[in-house]
Amino acid sequence: MPYQITLLPGDGIGPEVVAAAEAVLQALPVDMDFTRAEIGFGAYERLGTPLPDSTLDAIRSSHAALFGAVTTPPNIPGYFSPVVRMRQSLDLYANLRPTRSISHPSSRPGIDLILVRENTEGLYSGIERVEDDGNRAITERVITRRGSERIIRKAFDLARQTGRKKVHVVHKANVLRQTCGLFRQVALEIAPDYPDIEMLEMLVDTCAMELVRAPEQFQVIVTTNLFGDILSDEACMFVGGLGVAASANIGADAAVFEPVHGSAPPLVGTGKANPTATFFAAAMMLEHLSETEQANRLRNAVETCIAEGQVTPDLGGTLTTSGMTQAVIAKIR
Ligand code: NAI
Ligand code: MG
């Protein structure tokens with residue numbers, strides 16, 4: 001039975017990098033059926049919504065989805081972020097952001113960490129209001145036991161599955177006593193279930209500093225939504241930046257893999273879009289499908305191309321998107 005894969009090209013360079021990843025996946029001996037579904041501003045212009053229900057249904061009924069990027073239009077009344085809506089609608093509660101050193105002069109060596117970010121609550125719960133004639137703005141930070149428990153378990157399980165030995169629980173419980181206090185409390189309750197994994201606590205400001213000072217000390221970081229958003233972007237800059245960074249959004253019933261970058265409108269049609277981040281997202285997708293050997297094969301092919309300088313201009317090379325795609329396919333074969 002082939003894997004059913006939904007491709008979500010989106011806007012801007014999204015379709016270019018997704019097509020590149022599709023070509024590379026087709027070069028691997030894994031049986032996959034690809035279907036395309038609409039998302040983004042282009043979808044809004046064509047269909048009147050940036051996230052049609054049919055797209056959500058397609059993701060739900062497939063084994064995994066690979067998403068490119070979307071463009072955020074200038075203020076349009078009634079427009080919503082299809083990415084945030086997709087994560088909420090499919091309850092994709094775990095955002096995984098691996099940060100690994102690559103063989104490139106701009107990359108720091110010795111880094112191999114996974115940041116596990118809670119993806120549905122925290123400061124991004126969407127509960128906001130203004131009071132006092134617009135002079136007082138309030139955002140509510142919601143942390144639940146259920147939300148904390150499932151993301152912290154995900155982090156410990158992932159540590160175990162990948163042979164990692166420690167998990168840093170990152171919070172600010174000394175100030176955010178209730179919300180971070182609950183997150184921390186749940187972590188302390190769960191940690192004894194994983195005697196083989198060491199749990200360490202770190203305040204988020206210390207973590208931001210330590211990531212710059214000595215990123216190689218981290219193996220798994222688990223944290224709440226906003227903190228994870230910021231720390232994961234910080235970490236990716238040590239290992240090649242936006243052209244390289246990939247992420248996964250995992251729920252109980254669906255999984256969406258994507259490059260971290262946006263739709264990069266100035267790059268559209270220039271051939272300068274780096275497909276590496278989407279290749280790494282595709283490798284994470286293969287891992288999620290338990291195709292570990294093929295995931296490693298793809299990752300190794302991409303890493304060899306990087307080491308040999310067969311890369312796009314953002315990494316100092318001269319290849320186009322399709323040139324790099326062909327180079328990776330040549331390494332796979
Ligand atoms: P961006 O990630 O599209 O671009 C930022 C910078 O990185 C630009 O200089 C761009 O040229 C470069 N870059 C990005 N991806 C690259 C790649 N694959 N290869 C080589 N260089 C690359 O972020 P920006 O410019 O802030 O946003 C552009 C649009 O994308 C906006 O409408 C924004 O809302 C949207 N966006 C969408 C995201 C998503 O779909 N997940 C995430 C971030 C932004
Ligand atoms: Mg971000």
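Note that ligands are numbered from 1 as they come in the structure, with each ligand's atoms numbered from 1 the same way. Residues take their numbers from the sequence shown, with the count starting at 1.
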Legend entry - Neighbour count >12 (heavy atoms, 6.0 Å) for atom NZ, Lys272: no
Legend entry - Heteroatom proximity flag, Thr71 to ligand 1, N/O under 3.5 Å: no
Legend entry - Asp31, CG: over 12 other non-hydrogen atoms inside 6.0 angstrom: yes
Inset, instruction - List the closest protein heavy-atom neighbour of atom 43 (C) of ligand 1: residue, atom name, distance to the nearest 0.1 Å. - result: Gly262 CA, 3.5 Å
Legend entry - Mode of Thr276 contact toward ligand 1 - side chain, backbone, both, neither (heavy atoms, under 4.0 Å): neither
Inset, instruction - Could you tell me the residue and atom name of the protein heavy atom closest to atom 35 (C) of ligand 1, and the distance to it rounded to 0.1 Å? - result: Val70 O, 3.2 Å
Legend entry - Atom indices of ligand 1, in the order listed, that fall short of 4.0 Å to a heavy atom of Ala69: 40 (O)
Legend entry - For Ala273, the ligand 1 atoms whose distance to one of its heavy atoms is below 4.0 Å: 19 (N)
Inset, instruction - Decide yes or no on ring pair (Phe, Tyr, Trp, His ring centres under 6.0 Å) for Phe183 and His171, but give the supporting numbers first. - result: CA-CA 8 Å; Phe183 188 76; His171 59 71; 7.6 Å; no
Inset, instruction - State whether the shortest distance between N or O atoms of Leu242 and N or O atoms of ligand 1 falls below 3.5 angstrom. - result: no
Inset, instruction - Report whether Phe279 and Ile114 are members of the same hydrophobic cluster (ILVMFWY, side-chain heavy atoms less than 4.5 Å apart, transitive linking). - result: yes
Legend entry - Shortest protein heavy-atom distance from atom 29 (C) of ligand 1, along with the residue and atom involved: Ser263 OG, 3.2 Å
Inset, instruction - Please check if a non-hydrogen protein atom sits closer than 4.0 Å to atom 27 (O) of ligand 1. - result: no
Inset, instruction - Tell me which protein heavy atom sits closest to atom 33 (C) of ligand 1, plus the residue, atom name and distance to 0.1 Å. - result: Thr72 OG1, 3.8 Å
Inset, instruction - Can you confirm whether something in the protein, heavy atoms only, sits under 4.0 Å from atom 24 (P) of ligand 1? - result: no
Legend entry - Residue and atom name of the nearest protein heavy atom (relative to atom 3 (O) of ligand 1), distance in Å to one decimal: Ala264 N, 2.8 Å
Legend entry - Sub-4.0 Å atoms of ligand 1 with respect to non-hydrogen atoms of Pro265: 28 (C)
Legend entry - Sub-4.0 Å heavy-atom contact, Ala277 with ligand 1: no
Inset, instruction - Please confirm whether Arg36 makes a cation-pi placement over Phe67, using NZ or CZ under 6.0 Å from the six-membered ring centre and within 45° of the ring normal. - result: no
Legend entry - Taking atom 14 (C) of ligand 1 as the reference point, the nearest protein heavy atom with its distance: His261 CB, 3.7 Å
Inset, instruction - Answer yes or no: is there a side-chain heavy-atom contact under 4.5 Å between Ile76 and Phe41? - result: yes
Inset, instruction - Do me a favour and list the nearest non-hydrogen protein atom to atom 21 (N) of ligand 1 with residue, atom name and distance? - result: Leu267 CD1, 3.4 Å
Inset, instruction - Verify the cluster assignment for Ile111 and Leu242: are they in a single hydrophobic cluster under the rule of side-chain heavy atoms below 4.5 Å apart? - result: no
Inset, instruction - Specify whether the nearest protein heavy atom to atom 9 (O) of ligand 1 is under 4.0 angstrom away. - result: no
Inset, instruction - Note the single closest protein heavy atom to atom 41 (N) of ligand 1, along with its residue, its atom name and the distance in Å. - result: Glu258 OE1, 3.7 Å
Inset, instruction - Ignoring hydrogens and angles, state whether a donor on the side chain of Arg146 or Thr144 is under 3.5 Å from an acceptor on the partner side chain. - result: no
Legend entry - CA sep, side-chain torsions, deciding dist, call: Lys154, Glu149, salt bridge (Lys or Arg N to Asp or Glu O under 4.0 Å): CA-CA 8 Å; Lys154 186 86 189 169; Glu149 185 162 347; over 6 Å; no
Inset, instruction - Please collect all ring-ring contact (aromatic ring centres under 6.0 Å, His included) contacts where either partner lies in residues 127-166, sequence neighbours excluded, each pair once. - result: Phe156-Tyr194
Legend entry - Carboxylate-amine/guanidinium contact Arg60 Asp253, below 4.0 Å: no
